[in-house]
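As structure tokens, the structure follows; a few thoughts come after it.
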Amino acid sequence: MTHNDFALRTISRRTFLCITAVLGAGTLLGVSGCTSLSASTCSSTANESDTPAYSSTTPTDSNDLSSNALATFMLMSDVHINNGNDDAIIRFRQALADITSLEQRPDAIAVIGDLSDQGYADEHDIFKQLVAESDFSLDNMIIAMGNHDLWVVDDPANEELVAQQRAAFVDAYNLPGLYYDTTVAGQHAVVLGPDKFCEDWVRFDVSDDQLNWLDGILKNDADAGVHTYVFCHEPINNTVYGSEDGSWGSRNSFYDYR
């Protein structure tokens, strides 16, 4: 049995993302297709006898937006708005226009990290201005923080400056917090954020407080029979392209060895 086989078979509460995550970072900016999410049940086999069977989601054909869909999300990541890079601005503007042209628009656009290239305030201002010029608004978006949004260019290992960067991101997009939950088209969406300091700014680290908060949400939703959609920037190991061991995007931040 390989290390990855073990990771996928030994499902503890902190590795639930191997089952429930439908998103990951590292995708190039662009319209990724309107993903129709319909409900299916996935039972997890775990060493912990009290681990419940969580509900999962199964993507359907993007051309078949059936009436059974619980919600539709347009997914994008790594926008990398940079005040000196007109190409990034043009691509994001065109992506919004492409989504506008769809016969059936999504319930929300999920932008799952690296909205900015270097975390500067003017980059976030440009992002918001482009959204304002489109047929969408920030209210139509699920926003997650990425490592580039967190990056303090001149001093990435300065914990105080990194904390200020987090606070500025939350304020810029009027978010409830760095990690939060919300409702989209009647569906429960949970957004995770890198709230644990790490000198390696390319790593996505989360605190025990956030994981405990997540545990509570998942348990409550499971008990209530509610489906939970989890959004975050780092690709969860072995879930999407680029999430394999040793690849650029994967740091196995959610792997629980206990």
Side-chain angles (χ1 to χ4, degrees), residues 17 21-32 73-83 85 87-89 91-92 95-96 108-128 130-131 138 141-159 161-182 189-207 210 214 229-237 239-243 247-254:
L17 287 170
V22 295
L23 307 177
T27 57
L28 295 177
L29 169 64
V31 177
S32 61
F73 305 118
M74 187 65 67
L75 315 179
M76 67 172 70
S77 176
D78 295 72
V79 181
H80 286 281
I81 293 295
N82 184 309
N83 203 7
N85 184 352
D87 288 342
I89 294 173
R91 285 195 298 268
F92 184 52
L96 293 175
I109 301 174
V111 189
I112 53 173
D114 287 359
L115 286 66
S116 65
D117 189 47
Q118 298 179 314
Y120 292 138
D122 63 341
E123 294 174 342
H124 294 302
D125 288 341
I126 293 171
F127 181 98
K128 291 189 292 184
L130 292 171
V131 172
L138 292 179
M141 293 188 168
I142 299 170
I143 301 291
M145 189 178 204
N147 59 296
H148 273 261
D149 304 312
L150 186 65
W151 186 19
V152 178
V153 177
D154 297 326
D155 196 358
N158 188 315
E159 186 170 5
L161 292 179
V162 170
Q164 293 175 10
Q165 195 85 319
R166 291 194 193 98
F169 183 87
V170 170
D171 183 63
Y173 295 101
N174 194 29
L175 302 177
L178 198 62
Y179 56 94
Y180 61 95
D181 64 325
T182 187
V190 175
V191 178
L192 306 183
D195 68 328
K196 183 178 179 180
F197 176 72
C198 180
E199 291 185 4
D200 180 5
W201 68 274
V202 301
R203 186 181 177 93
F204 188 103
D205 280 345
V206 297
S207 66
Q210 181 173 175
L214 184 57
Y229 302 98
V230 180
F231 298 82
C232 62
H233 182 63
E234 175 162 318
I236 309 307
N237 188 248
T239 57
V240 296
Y241 176 77
S243 66
S247 63
W248 170 252
S250 179
R251 298 294 184 275
N252 251 350
S253 297
F254 294 98

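Hydrogens, waters and symmetry mates play no part in the numbers below; they use all other heavy atoms, side chains included. Predicted, not measured: the structure shown is a model, and the values here were computed from it.
Here the straight-line distance linking atom CG of Leu75 with atom CD1 of Ile112 works out to 6.5 Å at 0.5 Å rounding. To the nearest 0.5 Å, atoms CG (Leu150) and CE (Met145) are separated by 4.5 Å. The structure places CZ of Phe231 at 4.0 Å from CZ of Phe73, a figure rounded to the nearest 0.5 Å. To the nearest 0.5 Å, atoms CG (Asn82) and CD1 (Ile89) are separated by 8.0 Å.
The nearest pair of heavy atoms linking Trp151 to Asp117 is CE3-O, 3.8 Å. Residues Ala88 and Val79 share a closest heavy-atom pair of CB-O, 3.9 Å. The minimum heavy-atom distance linking Val170 with Gly177 is given by the pair CG2-C, 3.7 Å. Here the shortest heavy-atom pairing between Leu138 and Val131 reads N-CG1, 3.9 Å. When all heavy atoms of Lys196 and Ser207 are compared, the pair lying nearest together is CB-N, 3.8 Å. Smallest separation of non-hydrogen atoms from Ala189 and Ile142: CB-CD1, 4.3 Å.
In this structure, Asp149 contributes its side chain and Ser116 its backbone to a donor-acceptor pair below 3.5 Å. In this structure, the side chain of Asp114 engages the main chain of Asn147 through a donor-acceptor pair within 3.5 Å. A donor-acceptor contact shorter than 3.5 Å links the side chain of Glu123 to the backbone of Gln118.
Residues satisfying the ring pair (Phe, Tyr, Trp, His ring centres under 6.0 Å) test with His80, not counting sequence neighbours, are His148. Under the side-chain contact (heavy atoms from CB on, under 4.5 Å) criterion, Asp125 pairs with Lys128, sequence neighbours left out.
Counting only residues at least two apart or on different chains, the side-chain hydrogen bond (donor to acceptor under 3.5 Å, both in side chains) pairs with a member in residues 164-179 are His124-Tyr173.
The shortest distance between side-chain heavy atoms of Phe169 and Leu175 falls below 4.5 Å. Between Val206 and Asp195, the closest side-chain pair of non-hydrogen atoms falls below 4.5 Å. By the 4.5 Å heavy-atom criterion applied to side chains, Leu214 and Val190 are counted as neighbours. Counting heavy atoms from C-beta on, the side chains of Asn158 and Val152 never come closer than 4.5 Å.
Between Phe127 and Phe92, the ring planes are parallel. Angles under 30° get that label, and only those over 60° would be called perpendicular.
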What's the verdict on side chain to side chain contact (heavy atoms under 4.5 Å, CB included) for Val191 and Ile143, showing C-alpha distance, side-chain angles and the deciding distance?
-> CA-CA 8 Å; Val191 178; Ile143 301 291; over 6 Å; no
Applying side chain to side chain contact (heavy atoms under 4.5 Å, CB included), run through Leu96 and Ile109 and close with a yes or a no.
-> CA-CA 9 Å; Leu96 293 175; Ile109 301 174; 4.1 Å; yes
CA sep, side-chain torsions, deciding dist, call: Leu130, Ile81, side chain to side chain contact (heavy atoms under 4.5 Å, CB included) = CA-CA 10 Å; Leu130 292 171; Ile81 293 295; 4.0 Å; yes
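Heavy atoms of other residues, nucleotides or ligands lying less than 6.0 angstrom from CG of Asp155 number more than 12.
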